[in-house]
2 protein chains.
Amino acid sequence: MTPTTQRSGWAEQAARALTEAGYRRGGARRAILELLDEQACALSAQEIQRALGGRRRAVSRASIYRVMEELEAIGVVQRVELGQGIVRYEAVRRGPGHHHHLVCDRCGRLEPFTDAGLERAISRLSDRVPLKVSVHEIVIHGACRVCAR
Amino acid sequence: MTPTTQRSGWAEQAARALTEAGYRRGGARRAILELLDEQACALSAQEIQRALGGRRRAVSRASIYRVMEELEAIGVVQRVELGQGIVRYEAVRRGPGHHHHLVCDRCGRLEPFTDAGLERAISRLSDRVPLKVSVHEIVIHGACRVCAR
DNA sequence: GCAGAAGACGAGATCGAATCTCATAAACAT
DNA sequence: ATGTTTATGAGATTCGATCTCGTCTTCTGC
Ligand SMILES: [Zn+2]
Ligand SMILES: [Zn+2]
Ligand SMILES: [Zn+2]
Ligand SMILES: [Zn+2]
């Protein structure tokens, strides 16, 4: 859980996209955008609700799921499923901030990582694949340092 | 849904692994192993139950989940989560048969693919990653030919 | 073979994340 | 400010996954 708070204006960008898509400004949306912008990696709906309930404005489950769906639809948030049947969400960022995930199958630890070679291989792949690629997601499973003994 | 029925003896191999791990032979396990061995790609628990109920021996939900857990634990089956909150399972195979997944986010179509460049990038990555890698899973999201218009 | 012990299996209860409903509150246009 | 439209929340509901526990099956020792 690297707490790399990167303020890249993502929240403002996302808010603009919402407006352009015809949505109004609401307290729940604003709170969610701010929270997501501070995260270095993906959060589950439950984690989002707890985080917002603690500090900030409390937001209901229904709103979280509804807003995440809207944000995903306009392409500013990505749904990530890393096992344990829990869906997580994270801000979609351009160059810096873009990363993939290592998951420890024993303790569930989630670790973001980046790799230029991998990105190159994927962009090459995108051309000859029978799919208009929107986002790619790489999940590596294994045992983390702690769990591998 | 490429119906590449590849009989590589995977079922027998898996059955042997189960025995070595101390499990007995049961009707549910046998039926599940045979079904999985015929698949070119991942199936959900529900799909497995339907397939077994139709032809072959019917198997209960409880047994499917229980057996899949055992098979995953001994490393012959891999859990795959490709969105829509549904868990799928597929046989883990060595060289041929090893593949990754393209998912259409609109219609849910699932397409297996292989890419040597990607595999190379991943094996290079494995060395400097802070995790003992067991399996890797690459999911590419996008719009399929049909949905992309 | 056969009896007993250990494990496999299934029906149904239970859990919990995600979704749906609908009444109320908040945002926006005029 | 007023009316109209959209956003939000509490609670009900859905449905995949898990648990429970009694019965059936496999295996072991005789
Ligand atoms: Zn992440
Ligand atoms: Zn771990
Ligand atoms: Zn597959
Ligand atoms: Zn499609």
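Only a predicted model underlies this, so the values are computations on that prediction, with no experimental measurement involved. The chains referred to below are lettered A, B, ... by the order of the sequence lines, with proteins before strands, and numbering in each begins at 1.
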| request: Find the distance A:I86:CD1 to D:dA17:C1' and express it as a whole number of Å. | output: 12 Å
| task | Examine C:dA8: is either OP1 or OP2 under 4.0 Å from a nitrogen or oxygen in the side chain of B:R57? Give yes or no. | result | no
| field | Distance, rounded to the nearest Å, where A:I48 contributes CD1 and D:dT8 contributes P | value | 14 Å
| said: What contact category does A:A62 fall into here, base, sugar-phosphate, or nothing, at under 4.0 angstrom with non-hydrogen atoms? | reply: base
| task | Return the 5'-most residue of the pair B:Y65, B:G27 with respect to DNA chain D, ranking by each residue's nearest nucleotide. | result | B:Y65
| remark: From the candidates D:dT8, C:dA26, D:dT26, the one with an atom nearest any side-chain atom of B:R24 is D:dT26
| request: Under 4.0 Å between any heavy atoms, over every strand shown, what does A:R29 touch: base, sugar-phosphate, or nothing? Just pick one. | output: sugar-phosphate
| Hey, does B:A58 reach any base, or is it just sugar-phosphate, or nothing, if we go heavy atoms under 4.0 Å? | sugar-phosphate
| query | C:dG12 P sits how many Å from B:R66 CZ, rounded? | reply | 16 Å
| Touch check for B:R30, heavy atoms < 4.0 angstrom, all strands: base, sugar-phosphate only, or nothing? | nothing
| field | Any A:S60 side-chain nitrogen or oxygen under 4.0 Å from OP1 or OP2 of D:dT8 | value | no
| More 5' along DNA chain D: B:E69 or A:G26, using each one's nearest nucleotide? | A:G26
| Taking only side-chain nitrogens and oxygens of A:R61, does any of them come within less than 4.0 Å of OP1 or OP2 of C:dA18? | no
| request: Specify the separation, in whole Å, of atom CD of A:Q46 and atom C1' of C:dC15. | output: 13 Å
| Looking at C:dG10, D:dG16, D:dG9, which one has an atom nearest to any side-chain atom of A:S63? | D:dG9
| query | How close or far is atom C1' of D:dG9 from atom CD of A:Q49, stated in whole angstroms? | reply | 10 Å
| field | Full working for side chain to side chain donor-acceptor pair (under 3.5 Å) between B:E111 and B:H99 | value | CA-CA 10 Å; B:E111 188 97 39; B:H99 62 267; over 6 Å; no
| request: Evaluate the side-chain proximity of B:L36 to B:M68: yes if any heavy-atom separation is below 4.5 Å, no if none is. | output: yes
| said: Just the rounded figure in Å: distance from P of D:dA17 to CG of B:L43. | reply: 13 Å
| request: Using whole Å, report how far CZ of B:R25 lies from P of C:dA8. | output: 13 Å
| request: Rounded to the nearest angstrom, tell me the gap between atom CD in B:E81 and atom C1' in C:dA18. | output: 14 Å
| query | So, are A:E90 and A:R88 salt-bridged, with charged N and O less than 4.0 Å apart? | reply | no
| Is any side-chain heavy atom of B:R124 less than 4.5 Å from a side-chain heavy atom of A:D115? | no
| field | Of the listed nucleotides D:dT8, C:dG10, D:dG16, the one nearest the side chain of A:A28 | value | D:dT8
| message | Hydrophobic cluster membership, with links at side-chain heavy-atom distances under 4.5 Å among I/L/V/M/F/W/Y: are B:V76 and B:Y23 in one? | response | yes
